[in-house]
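For reference, the structure is listed below as structure tokens.
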Amino acid sequence: MTPALSAVRRHGELDLAAKLVLAAGALVAVYLIAAPLAMLLLTAVRGPADALPFEQGAQWTLEHFRAIYSDSVLYTRIIPDTLVFVLGSVALCFVIAFTLAWLVERTDLPWRDLWFSLILFPLLVPSVVLAIAWIFLLGPNAGWMNVWLRSLFGLEGTGPLNIFSMPGLLACQALASVPFVFLLLGATLRSMNPALEEASSTSGASPAATFLRVTVRVLLPGVLAPLILALLITLEQFDLPLIIGLPARINVFSYRIWYELTPSSGLPNYGGAAAVGLPFLVVAMLLLVVYNWLIRRAESFVTVTGKAYRQTRFPLGRWRIPALAFVVAYVMLAAVLPTLVLLWSALFGYAPPAIDSLGKMSLAAYGKLAGNRLFWLGLGNTLLVATLSALIVTTVGAVLAWIIVRTRFTGRRFLDFVSFMSVGIPSVITALAVMVLYLSMPVGIYGTVWILVVAYSYRLAVTTRISRAGLMQIHRELEEASSTSGARWLSTQRRILLPLLMPTLVSGFILLFITGVREFTMGLMLYGQDNVVLSVLLWRLFESGEAAASAALATIIIALVIPIVFIARRYLSPRGYAD
Amino acid sequence: MLKVAGLSKSFPTPEGMTKVIDGVDFAVPEGECYALLGPSGCGKTTTLRCVAGLEHADGGTIEIGGRAMSDPARGVFVAAHERPIGMVFQSYAIWPHLDVFENVAYPLRVQRPRLQKAEIQARVADALALVGMQAMAARSATRLSGGQQQRVALARALVRRPALLLLDEPLSNLDARLREQMRNELREMIHKVGVTALYVTHDQAEAFALAHRVAVMWHGRIVQEGEPRAIYRRPETPFVATFLGAANVLAARLETRCNATEGVLVLGGSATARLLVAVPQGCSPGDALELIVRPEDVEVLCAPPQDMHNVTPARIAWMSFQGSQCECGIDVGGAFVRAMVHSAQDMHEGAQVWLRLDPSRCILFSKEG
């Protein structure tokens, strides 16, 4: 038996320290994900509506489901709006993302590295920042683009573009989702072994035949998987539907949960929110199952080695200018103009740029922010919550990955499943579930930053996956050599595995830190006296009409996130530990 | 020094439990190098990993230096890091985040009670000097060639003065030329240190060159054990004979028995190829036999010799020039025999030749089934 075939460690060989570490990791993982979900289920079937499941007087009931599902608004507004929003924005996003990914990965487009970085911009900043910037640009009255268009065509009144509409919401969501899908599609395109296409050519197939019979077939699962994931991610969107959709009276599922919890009059309807959330969760899980199936197929097709191939690039020729124009248009709309409009509004006030307003530059908005207690509180909270939750998730994810890759522990498939499930749980649901859990549990973290730390920490899938891939690349014999050198398990992990895995862990941490800074939904739903985070504060400032202050805060958030990405960039590309 | 008795181990496979080791017994005396030799999947690596403590045996005992390391029946299992061993891995397993010095110092650094800095320094320097790598102590592990990694791996395995050195196919990742050179160096280094060693390989040349004793494994068992020369010259089964280097396996039939030990054999059904050889006991005329003879033991003559004893006429079917020698396929009454001839000899395809087989170099087995 070769070592590779027997490359599974029996848990019987682990010492006490190992068992403790692994058991703790597994328990935390299950707790972070399964406990809130169990509570959510209970909430949906316990009543009355404003009571928590274990409160005095609560009893078993199906009343919430009856109330929610007999309400015609669900069928006339919520489901149609959700479907149009999700399908429309994903379709648009996919077309843009695929075109961008193909241009950057498989053609001779100039300045590809620059475009690659700029395209990622919307992935790094909170969607609230983007939403506000786009409102400044496309608001029906004073939006810059509308002002320009009106003066260009001599139009009167408002418009012609109105961001507060279904097309406006669709377009904004599509622009915001592009980088995520672009990254996944790019990975798929890079993993295509050019020899597969060359083999087709040398078999006598024309370029068109090669494209249809080989390229498309091989790439299909790897292209469909990001599509499904985009559906899933869009389904859980709450920030843009709230900020852009609500003024247009667009009513999607995630917003409905929020509405049940914060009705304009009366008490929060926990049961109703849970009843709305459950089918939403089921749909998300179904999408997740499809995604998982596709990704396995994609992996068995192309990314077996996970290595990027040197691609033959398609010469654009005279399509070079239109291709560049397309990329520039996206980058302008999604990154450059939003940043400019925010910066300008923060310094010069919310009016389209003009030469004569240059003299009115003022740092008053920043000064006002600096004097705002909530700004400093929000900044501290954001950094604390993003750092701690990223640390927890990275650690637990690494332990889970170790259990999954290196042991034969019977429950490891369950742990894999639990961790993977977290991709499919909408953050609205997590927030709701965490809310009812800690309102019921007498630990007193409700309304504090700690509940945010716990809630943010449910996204285990990302680090579990990343660490798993990292672990698989570390040859088992590197650990065994430490054992046969006389090192105990913990010592081996600390001296050998941890240093080798560190680049992987750091990149996972950065990813989660940025996710934490971007998070808006959970911060808003679990909002309390002292736990305001910057994204929530931004929305509150904007809602209360403080345009300049919100623009200033948005620029600060941008300035906070972007440098982190550049500092951390060397960790985001694999280091030279090639074997 | 090392005693393994009745070792067994099964792995789950889709078809159920598969016995990978099925009752392996051997002992390695102090200071000797013992090789487990066999094709891939024969259980040799699993045996080594059980000795290292990286794998749990299902049954049997492992003793190192008189101390029980593994005895599932009595619930004894000493973890890998508590065994007095040093191990060289097939991939070398040089840690990429440590430099050469730190790789070699590692076993000393994890040792408790802690060693003095100066002692670590001195012992690592000794180990590196032994493998001729003292000049590269500060080099990054990622900038080593295959041969250098191999030396570092050996230094690391020896630095804590293990009672037993384990080597898992240590040369299989090197290219052919380097492998030959490292084989000789490895032998020098192991013998110089005088450490007891267990060596796993699928290459008989390595096993013969390095080990005092060799055990040939097949299907989870040791099928033959002995000194390299003895095993090569007197294989006890057709598998051992063919596994240890090129061999002709010829179908033969016993024609007549001359006396208690000898008989006349007919090769390949032809009446012309007759040999007078020692035959196994219990064979009677008419029995089918397998005759095994190595190509270098087949004498090819261009003209019929004076003494036609054990000589049979044959024809050269094909020749393949290999430099100093030519390999020929020779047709002996319908049976094919491979032989080596000096390339200066004037022979060509289709030529009539005479084969002489030395009966003492022929090995006969009763045909099974």
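Below, chain A is the first sequence line, B the second, and so on; all start at residue 1.
- Shown here is A:R413, whose CZ atom has no more than 12 heavy atoms of other residues, nucleotides or ligands within 6.0 Å.
- When every heavy atom of B:H81 is checked against every heavy atom of A:A487, the shortest pair comes out as CB-O, 2.9 Å.
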What verdict does the side-chain contact (heavy atoms from CB on, under 4.5 Å) test give for B:M87 and A:E480, after you've listed the backbone C-alpha separation in whole Å, the side-chain angles of each residue and the deciding distance to 0.1 Å?
CA-CA 9 Å; B:M87 182 156 168; A:E480 289 175 354; 5.6 Å; no
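- Neither the backbone nor the side chain of B:P39 has a heavy atom closer than 4.5 Å to any heavy atom of chain A.
- Under a 3.5 Å cut-off, the side chain of B:W95 and the backbone N or O of A:I496 do not form any donor-acceptor pair.
- Per-residue heavy-atom pair counts under 4.5 Å with chain A were compared for B:S91, B:G86, B:A80, B:P84, and the maximum is reached by B:S91.
- To the nearest 0.5 angstrom, B:L98 atom CG is 10.0 Å from A:L478 atom CG.
- In this structure, B:E82 does not pair ionically with A:R488, as no charged nitrogen and carboxylate oxygen lie closer than 4.0 Å.
- The local environment of CZ in B:R221 is sparse, with at most 12 non-hydrogen atoms from other residues, nucleotides or ligands closer than 6.0 Å.
- Between atom CZ of residue A:R476 and atom CZ of residue B:F89 there is a gap of 9.5 Å, rounded to the nearest 0.5 Å.
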Quick one: do A:T484 and B:L166 satisfy side-chain contact (heavy atoms from CB on, under 4.5 Å)? Show the steps, please.
CA-CA 10 Å; A:T484 61; B:L166 304 172; 5.9 Å; no
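- In this structure, A:E477 contributes its side chain and B:A93 its backbone to no donor-acceptor pair below 3.5 Å.
- Checked by atom type and distance alone, the side chain of B:H97 pairs as donor or acceptor with a backbone atom of A:R495 at under 3.5 Å.
- Most heavy-atom pairs under 4.5 Å with chain A: of the set B:E169, B:R160, B:R109, this distinction falls to B:R160.
- Proximity to chain A is absent for every atom of B:L108, based on heavy atoms less than 4.5 angstrom apart.
- Smallest separation of non-hydrogen atoms from B:V110 and A:S491: CG1-OG, 3.8 Å.
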